[in-house]
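Below is one structure, written out as structure tokens; comments come after it.
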Amino acid sequence: MPTIRTSDEFDRIGQVGEGTYGSVYKAKDRLTSELVAMKKIRLTHEKEGFPITAIREIKLLRDMDHENVVKLKEVVSTKETTHNKGKGSIYIVFEFMDHDLMGLMDTAKMDFKVEQIKCFTKQLLAGLHYCHKRGIMHRDIKGSNLLINNAGILKLGDFGLSRSFNEKDIQYRYTNRVVTLWYRPPELLLGAVVYSEKIDMWGVGCIMAELLIQRPLFPGKNEKDQMEKVFAICGTPNETVWPGCSNLPYFNMVQGKEALPDRLQHHLSKHQGKVSTAASDLLCKLLHMDPTKRMSAGDALDHDWFWTDPMPCDPSCLPRYPSSHEFVTKKRRQEGKEMPGAQPGGQPDAKRHQPAHNNHSNSKGAPPAARPSEAGKGGDRHGGKGHAGHERAPANGSWRPR
Ligand code: ADP
């Protein structure tokens with residue numbers, strides 16, 4: 001049996017992220033001198049043992065091998081001492097990535113050229129195409145989960161909410177409690193528990209639009225506001241544009257209200273400098289209300305936008321930026337704000353970093369989040385492929401992404 005190395009064999013350089021279950025550190029492997037990222041899995045407060053998100057992440061990433069998916073190198077543990085009495089930590093060790101897209105957007109002041117945006121979007125699609133072909137949906141596509149290195153390579157990270165799906169079992173009930181609010185597709189906002197990998201494609205549309213229009217596309221304050229923002233631009237869903245939508249649990253939220261038309265193309269045309277006709281066409285296909293008509297990652301890679309001038313630049317041609325992670329840029333901005341006379345100008349909208357709300361009590365009329373019980377009982381907590389039945393959220397409710 002292979003032995004697990006201990007975290008003492010790594011020199012910690014600094015914190016680059018704050019995850020759901022602990023911090024993420026930049027470190028150096030003393031054995032190989034390689035830079036790594038170590039995600040700490042805190043075990044002390046876990047009533048249910050090793051966190052399900054960590055199990056999923058290790059299990060799924062262990063078997064993945066693609067240029068646009070982050071590499072899991074190994075799992076290490078802290079040395080057992082009389083002090084920690086066996087309640088130490090486990091670390092997941094990844095290849096180190098110099099940036100996440102959210103941090104990079106801050107550092108670059110959102111000012112990316114179209115060929116660079118095409119380069120990022122293409123790599124995001126290639127990573128997702130690989131995952132979807134392997135029957136894995138990511139379920140938390142957002143800027144801080146897209147990691148980028150100094151060679152310009154973008155990789156999907158944070159597979160803690162991911163799980164496998166079985167194309168043959170299209171009636172499988174998953175938890176509704178996934179995807180960070182601003183990137184959450186309409187089917188999840190309307191309470192769907194039967195959904196597909198197309199939930200990730202909505203996120204791609206939101207990220208691509210954010211890069212082009214230089215601000216988040218749907219920055220909702222809570223679930224109700226999120227629905228209103230989405231429907232104000234994409235139109236109110238109805239049986240004509242999206243057959244079956246009226247059967248979704250929270251469809252009553254849109255009933256009896258003024259039916260709004262689809263204004264997405266018009267909205268995008270305000271940004272003609274960067275949003276070409278081809279870009280607008282691709283965005284409309286990625287942000288299709290009906291998930292069955294929403295474009296797949298494979299088809300999106302073939303879209304004209306990637307095959308017309310300006311062509312996507314080569315990753316190696318992307319400018320070099322100082323290392324930027326959301327955790328660090330956000331902290332820097334907060335410290336800047338606290339300094340007397342600090343200039344808030346030029347900083348991106350802080351709301352972009354606003355987490356999804358798990359608690360609906362402060363959002364009048366917002367639909368309640370699907371309770372774990374609604375997602376079925378006795379489901380496959382480990383995301384086993386092809387396991388029939390339902391998916392259950394953990395008892396501590398920690399599945400809702402921030
Ligand atoms: P969690 O699943 O606990 O939310 P994430 O995997 O999202 O944690 O990591 C949190 C942050 O840590 C990311 O947004 C990113 O900035 C940083 N991070 C994660 N993985 C890496 C990596 N391999 N290299 C560099 N930074 C990373």
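All of these numbers come straight from a predicted model, not from anything done at the bench. Start at 1 and go down the list; that is how both ligands and their atoms are numbered.
Atom numbering of ligand 1 starts at 1 in the shown order; those under 4.0 Å from a heavy atom of Ala37 are 21 (C), 22 (C), 23 (N), 24 (N), 25 (C). Which parts of ligand 1 touch Asn145 is read off a 4.0 Å heavy-atom cut-off, strictly below it: atoms 7 (O). Ligand 1 places these atoms under 4.0 Å from at least one heavy atom of Phe96: 24 (N), 25 (C). Set against the non-hydrogen atoms of Glu95, the atoms of ligand 1 under 4.0 Å away are 22 (C), 23 (N), 24 (N). Near Val16, the atoms of ligand 1 lying under 4.0 angstrom from a non-hydrogen atom of the residue are 16 (O), 26 (N). Which parts of ligand 1 touch Val24 is read off a 4.0 Å heavy-atom cut-off, strictly below it: atoms 9 (O), 10 (C), 12 (O), 18 (N), 19 (C). Atoms of ligand 1 lying under 4.0 Å from any heavy atom of Gly17, numbered from 1 in the order shown and given with element: 11 (C), 12 (O). Counting atoms of ligand 1 from 1 in the listed order, those under 4.0 Å from a heavy atom of Phe94 are 23 (N).
One finds no salt bridge joining Glu326 and Lys142 here, because no Lys/Arg side-chain nitrogen approaches an Asp/Glu carboxylate oxygen to under 4.0 Å. Using a 4.0 Å cut-off between charged side-chain N and carboxylate O, Arg215 and Glu210 make no salt bridge. Salt bridge annotation for Asp158-Lys39: present, with a cationic side-chain nitrogen under 4.0 angstrom from a carboxylate oxygen.
Note: an N/O pair closer than 3.5 Å links Lys39 and ligand 1 by distance alone. In terms of polar-atom proximity, defined here as any N/O pair under 3.5 Å, Glu57 makes no such contact with ligand 1. Looking at ligand 1, you'll find an N or O of Asp100 within less than 3.5 Å of one of its N or O atoms. No N or O atom of Val70 sits closer than 3.5 Å to an N or O atom of ligand 1.
For the ligand labelled ligand 1, residue Phe327 lies outside the 4.0 Å heavy-atom shell.
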* Under the salt bridge (charged side-chain N to carboxylate O under 4.0 Å, His left out) criterion, do Glu187 and Arg294 qualify, and how do the steps go? -> CA-CA 12 Å; Glu187 62 271 30; Arg294 203 173 294 150; 2.8 Å; yes
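Between Met64 and Ile136, the closest side-chain pair of non-hydrogen atoms falls below 4.5 Å.
Annotation: salt bridge (Lys or Arg N to Asp or Glu O under 4.0 Å) contacts involving residues 193-207, sequence neighbours excluded, are absent. Residue pairs that meet the ring-ring contact (aromatic ring centres under 6.0 Å, His included) test with at least one member in residues 292-312, sequence neighbours left out, do not exist here.
Not less than 6.0 angstrom separates the ring centroid of His267 from the ring centroid of Phe218. A distance below 6.0 Å separates the ring centres of Phe112 and Phe120.
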